[in-house]
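What you see is a predicted model, and the numbers here were worked out from it, not measured in a lab. Chain identifiers are assigned alphabetically (A, B, ...) following the order of the sequence lines, protein sequences preceding nucleic acid strands; residue numbering begins at 1 within each chain.
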There are 2 protein chains.
Amino acid sequence: MSAIAKRRERERAQRHQLIITAARELAEAEGWEAVTTRRLAERVEYSQPVLYSHFDGKEAILRAVAVEGFGELAARLRRARLATPEPPQALHAVCRAYLEFATEQPALYQAMFVLPTDVKFAHAETPPPLRAAFDEFVSCFPSDSPRRELFAEVTWSALHGMAALSDSGRIPPNGQTERLDFLVAQIAGTSSGPAAL
Amino acid sequence: MSAIAKRRERERAQRHQLIITAARELAEAEGWEAVTTRRLAERVEYSQPVLYSHFDGKEAILRAVAVEGFGELAARLRRARLATPEPPQALHAVCRAYLEFATEQPALYQAMFVLPTDVKFAHAETPPPLRAAFDEFVSCFPSDSPRRELFAEVTWSALHGMAALSDSGRIPPNGQTERLDFLVAQIAGTSSGPAAL
DNA sequence: GCAGCATCATAGCAATGCTAGACATTGTGT
DNA sequence: ACACAATGTCTAGCATTGCTATGATGCTGC
């Protein structure tokens, strides 16, 4: 490949990322309903068709934003878990990190977990960052338990419920920490469950 | 008011309900993105402007569908709770009823809890059926506990997470009953929580 | 039976996602 | 160095969306 072709590819990749970032920022600033192809094109200082040379449509842009978010979420959960090696506190830290992520970047969180998507979860073509994020929850439970995945699913579901209902104004956003504390206490602390965590 | 005026009001109320039902059925059959004002108008065999003489816009129709759903959900949860008087089983029954409601009528559930809405939750102008549904969860916990509302919030959040993630294909729909069993076991069965439920 | 009014539909607006074609600008071969 | 090809970009437009102003229709009340 010639040098100029490489340069063009670089520029193209840059623009690709620029579009994703612009969509994300615009959504975070004014909500996803404000992210139209025209406004997005104006923001990246190109015309609309350029968007379609990079993505298969608005849906695909959304997917790209979501996948980027999966990577960041996985990294964040991992950091939280490794920073607190004691298992019970680790679970608590990971859950808190999850909720912080959701509240600090609500639009990104919506793209990942609320808006309709074609991204495959728990599937062969699942984006690795997504699987990695989920595995952080799994890692909070004893490795000898055959029901680790179940525990992780329920924990994740509960957190998602809290995040989603809070963000959409369906439960008061204030009580989040109390709810979090209660949740992990219940998940971590009973003999019928992941005992002696 | 004259008799004919009464008749017209009756017809008007009928049409009002007809629109709500049509929107709900159409959404249940093809998803909310297929519910356009034109298709809805065609389905009720009126022209579009008629919709706007009944509702302030598409959003308002959605709200009406959601409120109708709140009533049905509250009734369903109530039946489930009263059918099983023992407290621990009652919680389990109510939670199962909630998940069944969500899976049997996914579009209705979305209108109530996923789609953006202006409906006020935990507020003065909260629709009574919604408050009633939430109270069914509260009633599953001992009346002397000052943290009943917290327990109910977390339980509801967890259930919503399971329902939402399952419906959008983000967790496999199969394990729902196992997740449900685990969840209520954890919520109901620890000394740090609603002990001896 | 006729004036007046409420009711409804036709037609149209701005904005949306998306695409076809013209237009440059850039790179290539002689 | 110059004409030609190819790549990339924009202008203009289509169909569809939510919503509304205007005009036709039919019923009500005198």
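One can place CD1 of B/Ile19 at 10 Å from P of C/dC8, the figure rounded to the nearest angstrom. The nearest whole Å value for the distance from the OH atom in A/Tyr46 to the C1' atom in D/dT9 is 9 Å. Nucleotide D/dC10 holds its C1' atom 15 Å from the CD atom of A/Glu42, rounded to whole Å. For B/His54 and D/dG18, the NE2 to P distance is 18 Å, given to the nearest whole Å. Taking atom CZ of residue B/Phe55 and atom C1' of nucleotide D/dC19, one finds them 16 Å apart after rounding to whole Å. Between A/Asp56 atom CG and C/dG17 atom C1' the separation is 14 Å, expressed in whole Å. A straight line from CD of B/Glu59 to C1' of D/dC19 spans 13 Å, rounded to a whole angstrom. Protein atom CG of A/Leu51 is 17 Å distant from nucleotide atom C1' of C/dA20, rounded to whole Å.
The ring-ring contact (aromatic ring centres under 6.0 Å, His included) analysis of residues 7-45 of chain B, with sequence neighbours excluded, yields the pairs B/His16-B/His54, B/His16-B/Phe55. Pairs engaging residues 53-67 of chain B under the salt bridge (Lys or Arg N to Asp or Glu O under 4.0 Å) rule: B/Arg63-B/Asp118 [sequence neighbours left out]. Pairs of residues two or more places apart, or lying in two chains, that qualify as salt bridge (Lys or Arg N to Asp or Glu O under 4.0 Å) and include a residue from residues 123-142 of chain B are B/Arg78-B/Glu136, B/Arg81-B/Glu136, B/Arg131-B/Asp135, B/Arg131-B/Glu149.
Other residues, nucleotides and ligands contribute at most 12 non-hydrogen atoms within 6.0 Å of the CD atom of B/Glu42. Counting heavy atoms of neighbouring residues, nucleotides and ligands inside a 6.0 Å radius, atom CD of B/Glu104 exceeds 12 of them. Within 6.0 Å of CD in A/Glu178 there are 12 or fewer heavy atoms belonging to other residues, nucleotides or ligands.
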Tabulate protein N/O versus nucleotide N/O from nucleotides 22-27 of chain D, keeping only pairs under 3.5 Å, one per line.
none

Scan nucleotides 10-16 of chain C against the protein and return all N/O pairs shorter than 3.5 Å with their distances rounded to 0.1 Å.
none

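Between the side chain of A/Arg148 and the backbone N or O of A/Pro142, at least one donor-acceptor pair lies under 3.5 Å.
Evaluated for a side-chain contact (heavy atoms from CB on, under 4.5 Å) with B/Cys140, the options B/Thr155, B/Leu91, B/Val184 yield exactly one hit, B/Leu91. For the pairing with B/His160, the ring-ring contact (aromatic ring centres under 6.0 Å, His included) check across B/Tyr98, B/Tyr109, B/Phe101, B/Phe121 returns one residue only, B/Tyr109. With B/Trp156 as the partner, the ring-ring contact (aromatic ring centres under 6.0 Å, His included) test is satisfied by one option alone out of B/Phe141, B/Phe113, B/Phe151: B/Phe113.
Phosphate proximity of C/dC8 to B/Arg15: present, with a side-chain N or O under 4.0 Å from OP1 or OP2.
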Only Watson-Crick and G-U wobble pairs with both distances less than 3.5 Å should count. Give DNA chain C in dot-bracket notation, marking inter-strand partners with |.
||||||||||||||||||||||||||||||
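Residue A/Leu26 comes nearest to A/Ala34 through the heavy atom pair CD2-O, 4.0 Å, listed as atom of the first residue, atom of the second, then distance.
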